[in-house]
Amino acid sequence: MAVQATLEPDDFLGVSHSLSGRRWRARAADPDLVREHQIRQHLSEPVARALASRGVDGDSVETFLRPSLKTQFPDPSSFAGMDAAAVVLIEALVDGTAMTVFADYDVDGATSAAQLVRWFRHMGVDLPIYVPDRLTEGYGPSPAVFRGLKAGGVQLVITVDCGAAAHDALAAAEEIGLGVVVIDHHLMREAPAPSTALIVNPNRPDCASGQGALAAAGVTFILLAALNREARRRGLFADRAEPDLRRWLDLAALGAICDVTQLVGFNRALTTQGLRVMSAWANPGLAALMDVAQSKRERATAFHAGWVLGPRINAGGRVGRSDLGARLLATDDPAEAAELARELDALNTGRREAEGRILEAAINAVEHEANFDPAGAAIVVAGEDWHAGIIGIVAGRMRERYRKPVVVIGIDRAANIGRGSGRSSPGVNLGAAIQDAYEAALLLSGGGHAMAAGLTLRPAMIPDLRVFLDQRLAGEFGIADDALDIDALITPEAATPNLLAEFQSLAPYGPGNPEPSLALAASRVERAGVVRGGHVRCVIGRDLKAIAWRAEDTALGRRLLAGGALHIAGRLKRDDWNGRSGVQFEIEDAADPRQMTS
């Protein structure tokens, strides 16, 4: 089916500097293991090679290709604080304690909250949801919000996808006698200090669960299993059916995919099975979102979760009402779901339009206002009234374009404050650099992790921050490896629906299991043209349809439009436009064979 190729570890196809400025590198795969997978699993060479390159050996291949919750589900008791949290919540259920779910405003928070609401609804209790406003309240719980909830009669708060680092809020809750159970997954530098709050987080240092890859939605799903177990122990299912947790696997999978978690081990099994449950489209909110997106309710994939559903659920927290996503996923009323879905879809349309305007302005500022140093280690760009809920997306788009860390800052002149969001390159720890900038008194606040960070500062400090980051990240950027890893070499003729179907056995894709990247050697590009959105469409070889997204004004797009023979790298995708049942090649990069060193 495919061209057999011996893939060298360095400069694959001789590409040391592609049109996007990257070297191409063969993803390492043991040849003996590749052959074993071909023979025992009846896989083609490209698929067997991709499987081997992900570290899947003969002993683990069955679990990887056919993940099972039954065999991989962790013991809830292995999570620090899980059993205690289950006891507190079941006692609150029995005693009629007034409870509220406090959720983060993104998909992971919404899916976590919806799971809890649905479990408690089954048990006869309606849990209200509180989601903070991104602009006015910021991320996570605060002392003011906790005091307000307490004053309103709430006795117990369950925070999801936030709270583990909210030390001031937790201290305030203890002071006013507000019970708190924290369900989180964000990194914690140290174990929580003794307090009345219960923190369940696989990434707290003293948690031995080994499930640090889970999103909050996954941790919440484990909590539901612990709640079932505790309720069963107390005889609460004598007069009602035990909740079938499998119904809500779609929510757990959606949170895992949209929070870009490592799809390995149990988290891979959770996501795989969750997508199967999602495929029934039984959740009214998810079904309504598919309808407003004019997307077929077909077999659910990571694409549907990450690109159709996720952006719309997130839209409420970015540019509108923060609780819309959680309410949509929690409702059982199709009419309410349809109305919420329409509102979220409209907000998402506005988000895309605002994103386009900010991105265009940011690129213009970088390239035409003497802000861009091609040799610089980082880009810092700022503009007035750039929406704080959108600048992170823009930073990600610009990082793709410039292949280096980017910080985008929206300036509020009236408040004399700038809110920034950054995205980094592999091997460059932007979060640590932002923390250093805070300690150097350049920022009012700041933090994050290696690949993403957030900050606030006075606008007058933006030039100083630009200089600081350029100097601080120079060393890391100089040695960072921004190579494009290639899984296999194929011919255009080998890019068939059958090969794509084989690759689907490796899905779902995400961190820890990247979507396979394929290369076409010295393949001719024909009939290239620009389509709406700045995408470049073309044909490779005789009839392989291909597209390069948002490439019109890039070096890659210009070279594709010129036609001729190119080494091309990308991914194989399904092409079902207008009822077709074919494949197309999604171009990520290309290189001119005439300029290769080997």
Problem - Backbone of Asp345 reached by a side-chain donor or acceptor of Thr349 within 3.5 Å - result: yes
Handout entry: Gln294, CD: over 12 other non-hydrogen atoms inside 6.0 angstrom
Key = no
Exercise for the section: Might you work through the salt bridge (Lys or Arg N to Asp or Glu O under 4.0 Å) test for Asp553 and Arg401, ending with a clear yes or no? Expected result: CA-CA 10 Å; Asp553 63 344; Arg401 182 184 182 95; 3.3 Å; yes
Practice task
Walk me through it: do Met451 and Val428 pass the test side-chain contact (heavy atoms from CB on, under 4.5 Å)?
Solution key: CA-CA 7 Å; Met451 297 300 291; Val428 182; over 6 Å; no
Handout entry: Carboxylate-amine/guanidinium proximity below 4.0 Å for Arg312 and Glu343
Key = no
Exercise for the section: Evaluate the side-chain hydrogen bond (donor to acceptor under 3.5 Å, both in side chains) criterion for residues Arg399 and Ser425: first the C-alpha distance (whole Å), next the side-chain angles of each, then the deciding distance (0.1 Å), finally the verdict. Expected result: CA-CA 7 Å; Arg399 198 222 70 85; Ser425 298; 2.8 Å; yes
Exercise for the section: Determine whether Ile587 and Cys538 make a side-chain contact, defined as any pair of heavy atoms from C-beta on separated by less than 4.5 Å. Expected result: yes
Handout entry: Flag, side chain of Asp485 to backbone of Ala26, donor-acceptor distance under 3.5 Å
Key = no
Completion exercise
For Ala110 and Ile313 the tightest heavy-atom approach is CB-CG2, 4.2 Å
Exercise for the section: Please confirm whether the backbone N or O of Gly212 pairs with a side-chain atom of Asn203, one donor and one acceptor, at under 3.5 Å? Expected result: yes
Practice task
Identify the residue among Val160, Asn201, Thr159, Asp104 that makes a side-chain contact (heavy atoms from CB on, under 4.5 Å) with Asp184.
Solution key: Asn201
Problem - Gln115 side chain to Ala217 backbone, donor-acceptor under 3.5 Å - result: yes
Handout entry: Gln584 side chain vs Lys573 backbone, donor-acceptor pair below 3.5 Å
Key = no
Handout entry: Ala441 versus Met461, closest heavy-atom pair with distance
Key = O-CE, 4.4 Å
Practice task
Decide side-chain hydrogen bond (donor to acceptor under 3.5 Å, both in side chains) for Glu137 and Tyr105; before the verdict, give the C-alpha distance in whole Å, the side-chain angles of both, and the deciding distance to 0.1 Å.
Solution key: CA-CA 11 Å; Glu137 295 179 285; Tyr105 35 64; over 6 Å; no
Fill in the blank from the handout: Minimal heavy-atom distance between Leu170 and Gly163, with the atoms involved, is CD1-O, 3.7 Å
Practice task
Measure the spacing between CG of Leu457 and CD1 of Ile409 and express it to the nearest 0.5 Å.
Solution key: 5.0 Å
Exercise for the section: Mind checking the CG-CG spacing from Leu455 to Leu444? Nearest 0.5 Å is all I need. Expected result: 9.5 Å
Problem - Exercise: do Asp487 and Ser53 side chains pair donor with acceptor under 3.5 Å - result: yes
Handout entry: Flag for Trp24-Asp589: side-chain donor and acceptor within less than 3.5 Å
Key = yes
Handout entry: Lys/Arg N to Asp/Glu carboxylate O, Asp11 vs Arg25, below 4.0 Å
Key = no
Practice task
May I ask you to say whether Lys404 pairs ionically with Asp470, meaning some side-chain N is under 4.0 Å from a carboxylate O?
Solution key: no
Practice task
Side-chain contact test, heavy atoms from C-beta onward, threshold under 4.5 Å: evaluate it for Phe477 versus Pro405 and give yes or no.
Solution key: yes
Fill in the blank from the handout: Residues pairing under salt bridge (charged side-chain N to carboxylate O under 4.0 Å, His left out) where one sits in residues 376-397, two or more places apart or in two chains, turn out to be Glu355-Arg397, Glu384-Arg413
Completion exercise
dist Arg472:CZ -> Asn429:CG (nearest 0.5 Å) comes out at 7.0 Å
Practice task
Mind running side-chain contact (heavy atoms from CB on, under 4.5 Å) on Ile411 and Ile462 for me, showing each step along the way?
Solution key: CA-CA 10 Å; Ile411 299 173; Ile462 292 174; 3.8 Å; yes
Practice task
Keeping the roles fixed (side chain from Arg466, backbone from Val380), state whether a donor-acceptor pair exists under 3.5 Å.
Solution key: yes
Exercise for the section: For Tyr130 and Thr100, work out which heavy atoms get closest and say how close. Expected result: CB-CG2, 4.0 Å
Fill in the blank from the handout: Heavy-atom closest pair (Phe146 atom, Ala169 atom, distance to 0.1 Å) is CD1-O, 3.2 Å
Problem - Asp464/Arg458 salt bridge by N-O under 4.0 Å criterion - result: no
Exercise for the section: To the nearest 0.5 Å, tell me how far Ser112 OG sits from Ile129 CD1. Expected result: 11.0 Å
Exercise for the section: Check whether any side-chain heavy atom of Asp108 lies under 4.5 Å from a side-chain heavy atom of His185, and answer yes or no. Expected result: yes
Exercise for the section: For the pair His368 (side chain) and Ala365 (backbone), establish whether a donor and an acceptor sit closer than 3.5 Å, ignoring hydrogens and angles. Expected result: no
Exercise for the section: Any chance you could lay out the salt bridge (Lys or Arg N to Asp or Glu O under 4.0 Å) test for Glu588 and Arg22, step after step, and finish with the verdict? Expected result: CA-CA 11 Å; Glu588 181 176 358; Arg22 287 179 286 179; 3.4 Å; yes
Problem - side-chain contact (heavy atoms from CB on, under 4.5 Å) assessment of Arg559 paired with Leu566 - result: CA-CA 9 Å; Arg559 184 61 183 80; Leu566 288 172; 3.6 Å; yes
Practice task
Ignoring hydrogens and angles, tell me if any N or O in the side chain of Asp259 forms a donor-acceptor pair with the backbone of Ala215 under 3.5 Å.
Solution key: no
Practice task
Give the minimum heavy-atom separation between Arg423 and Ala453, together with the two atoms involved.
Solution key: NH1-O, 4.3 Å
Handout entry: Val181 and Ile183: CA distance, side-chain angles, deciding distance, side-chain contact (heavy atoms from CB on, under 4.5 Å) verdict
Key = CA-CA 7 Å; Val181 173; Ile183 308 299; 4.0 Å; yes
Problem - Side-chain donor or acceptor of Asp323 paired with backbone N/O of Val131 under 3.5 Å - result: no
Practice task
Indicate yes or no for a side-chain donor-acceptor contact from His567 to the backbone of Ala591 under 3.5 Å, with no hydrogens or angles considered.
Solution key: no
Exercise for the section: Go through the steps to decide whether Asn267 and Thr261 satisfy the test side-chain hydrogen bond (donor to acceptor under 3.5 Å, both in side chains), and finish with yes or no. Expected result: CA-CA 8 Å; Asn267 200 34; Thr261 58; 2.9 Å; yes
Fill in the blank from the handout: In this structure, CZ of Phe12 is separated from CD1 of Ile486 (nearest 0.5 Å) by 6.0 Å
Exercise for the section: To the nearest 0.5 angstrom, please state how far the OG atom of Ser18 sits from the CG atom of Leu484. Expected result: 7.0 Å
Practice task
Output yes when Arg204 and Glu190 qualify as a salt bridge under the 4.0 Å nitrogen-oxygen rule, no when they do not.
Solution key: no
